[in-house]
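I have placed the structure first, in the form of structure tokens, so that the comments after it can refer back to it.
These figures come from a predicted structure and were not determined experimentally.
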Amino acid sequence: MNPALKIEGPTRKYNSPSLSLLVDVMNTPMGNNPLLDFSGLPRFAEFKPEFVTPAIDQLLSDARAAVEQAVAVGTPAEWAAFVAPLDDANEKLGRAWGQVSHLHSVMDSPALREVYNVNLQKITVYYAELGQNEALFTKFKALKAGAGFAALSDARRKIVDNELRDFRLGGAELPADKKARFMQVQEALAQLSAKFEENLLDATNDFALYVDDAARLAGVPDDVLSMMKTAAEADGKTGWKITLHMPSYLPVMQYAGDRALREQVYRAYVTRASEFPTATSPEGKWDNTPLIASILKLRREAAELLGFASYAQVSLAAKMADTPSDVLKFLDELAVRARPYAEKDYAELKAFARDELGLTDLQAWDTTYVSEKLSVARYSFSDQEVKQYFPEPRVLAGLFRLIETLYGLHVREDQAPVWHPDVKFYTLTDHAGQRVGQFYLDLYARASKRGGAWMDDVITRRRTADGIQTPVAYLNCNFSGPVGGKPALFTHDEVITLFHETGHGLHHLLTRIEELGVSGINGVEWDAVELPSQFMENFCWEWDVLKHMTAHVDTGAPLPRELFDRMLAAKNFQSGLQTLRQIEFASFDMHLHDDFDPSGPRTALDLIDDIRKQVAVVIPPAYNRFPNNFSHIFAGGYAAGYYSYKWAEVLSADAYALFEDEAEGYGGVLNPEVGHRFWSEILAQGGARPALESFKAFRGREPTLDALLRHNGMA
């Protein structure tokens, strides 16, 4: 019964409410509140921050009434009288709050932020109360023990088991005094996590560097320069504006020949939301350091209240992995396999920097730049050259063609109220024209939008009195928008990110489960939820896919096969370094939440320094404050779970290997028969059965590391 968490993309190689509002709230007519309309899609065009409080108050009241009704049902309780009314009330609350949370992430404003934080506390209290409700817990235990349990569907039995687990993790078995403290901890954690994300967004938006000397930007691609010039003009400035948003930051680090400029921008990026002063915040008002310390102490306290030794143990109670030591063993084994490749990658990088570029002291602000130069020298192409072949319309057409080929589904652009003019909306239909699902696509970066890429649910598939409810999803990225009258152009890395988030979206949209608690991404173990997303990434390296999704922005010519072959040859360029980087983050996260003492003298920064000495080949400068912007674990759902990216990559690579195994007999990997099998055994099942069972049903055996190592060039 906990609210859904955003499914985020991995940190990639580039480091992938006021009194006036309260007055307005009092005057808001409830009948016109779009947040209380569940008849169809969200009414984003009518949304105002003043709608939030009255809607949430009403829905919380309704949800608490449903809880009282469920508690009053006789024992043993039947599903229709007990669980269904709770689902109905909690789904409405979740859908309304989901819209608010989504807009807070993509269209942040002072008014929305204020009302979001006021109501976040109420939402947190409600779910904490729900998780501690002994009467409900008792009824679910009676349902499990009753004679009718065996007659329930597999999905409903899985929901009951999940609820019993979540009640225990929610503190339902705690004595009254510990329950009260546990609730206080949950409230504080919710507020701290929201503040962490807000600090990071504010610190990112705070930086602006205006460059008037064109020579300083030598090497930066023309389309990026055009974007920077437009941004400067919008501020009433001359020259070019550099920001810390990825479409601006990454090209500077990758292409700018001015080393001092790269160092200045790099330092600003890696010290965001830290104690270091900025131009408009000399006192470091967005410093996340104290928030990190408080979050870690509160998570440890919550774990100990529940009888666990660490927060990592709490986190793993609902995941595939059994213990922190199992996860760390997995990461250590993978690190051993990757380290020789990483050392070789770095040695080559240093030698090239010294011999070809005259850089004898390779630094962190040089590595992306030198890597690009080395890649061009070795493979005779640049990311910028490839980017010209990936205009947005062609990429989307190719992506949708892949979905049609694998699953027999059609994607068409549709109409719906949206939160920004750049947002597109699509409907997914089957071969008979029946609607299967819908999704919003918000591709471009903007100042009001948090960084990264993520998928979230809008509406979840379930059976209601009116029939099957169509699932709807949000897909969000932070790419560069159109410039100079041309369509948006995507790097191949960005295409991979888009496919990744689409994989999450398909997991939500293609479920065939009709029970809310385990439909789509609901109920899926967090360390398996990346399987469908990482699976989709593989198709970005298939000629039969890329040849249909490329057209040069100026000539319309498709991607040349010989350029694709060079891209394929470069696929595992520096894969050792990239693998160790992900292991570094995952190990830091797991140790931080397992054997690190949050009340001791050492800090999170001390810990990551130690992890780097053990794992990393590339050591960043001492001023690097990566923990302060690691929102996956401090503001997202990945605390003691960042390892999921590598854990699920084992599953996804092994799953994709079946398409490869069948390719010769079929004539390629785009095999609809295997695609439908992946749909029915993985995507369709949602959380209705354990992820490992779903994997084995698809693959016919347990997963192995072999495909992952082979795909990463480390076999």
Exercise. With no hydrogens and no angle check, do the side chains of H504 and H500 hold a donor and an acceptor under 3.5 Å apart?
Worked result: yes

Exercise. Charged N to carboxylate O below 4.0 Å: is that the case for R337 and E333?
Worked result: no

For this session: Determine, using ring centers only, whether Y645 and F585 are less than 6.0 Å apart.
Result: no

Exercise. Are any of the side-chain heavy atoms of N478 and K449 separated by less than 4.5 Å?
Worked result: yes

Seminar exercise, completed: Which of F381, Y389, W541 passes ring-ring contact (aromatic ring centres under 6.0 Å, His included) with H492? Answer is W541

Problem set entry | Lys/Arg-Asp/Glu bridge criterion (N-O < 4.0 Å) met for R339, E343 | yes

For this session: Please identify each residue that fulfils salt bridge (charged side-chain N to carboxylate O under 4.0 Å, His left out) with K319, with sequence neighbours left out.
Result: none

Problem set entry | Flag for Y643-D589: side-chain donor and acceptor within less than 3.5 Å | no

Problem set entry | ring-ring contact (aromatic ring centres under 6.0 Å, His included), paired with F535, selected from F678, W679, F698 | F678

For this session: Flag the pair Y666 / F659 as yes when their ring centroid distance falls below 6.0 Å, and as no otherwise.
Result: no

Problem set entry | Pair S533, E530: side-chain N/O donor-acceptor within cut-off below 3.5 Å | yes

Exercise. Is a salt bridge present between E660 and R710, judged by a nitrogen-to-oxygen distance below 4.0 Å?
Worked result: yes

Exercise. Can any side-chain N or O of S575 pair as donor or acceptor with the backbone N or O of N712 at less than 3.5 Å?
Worked result: yes

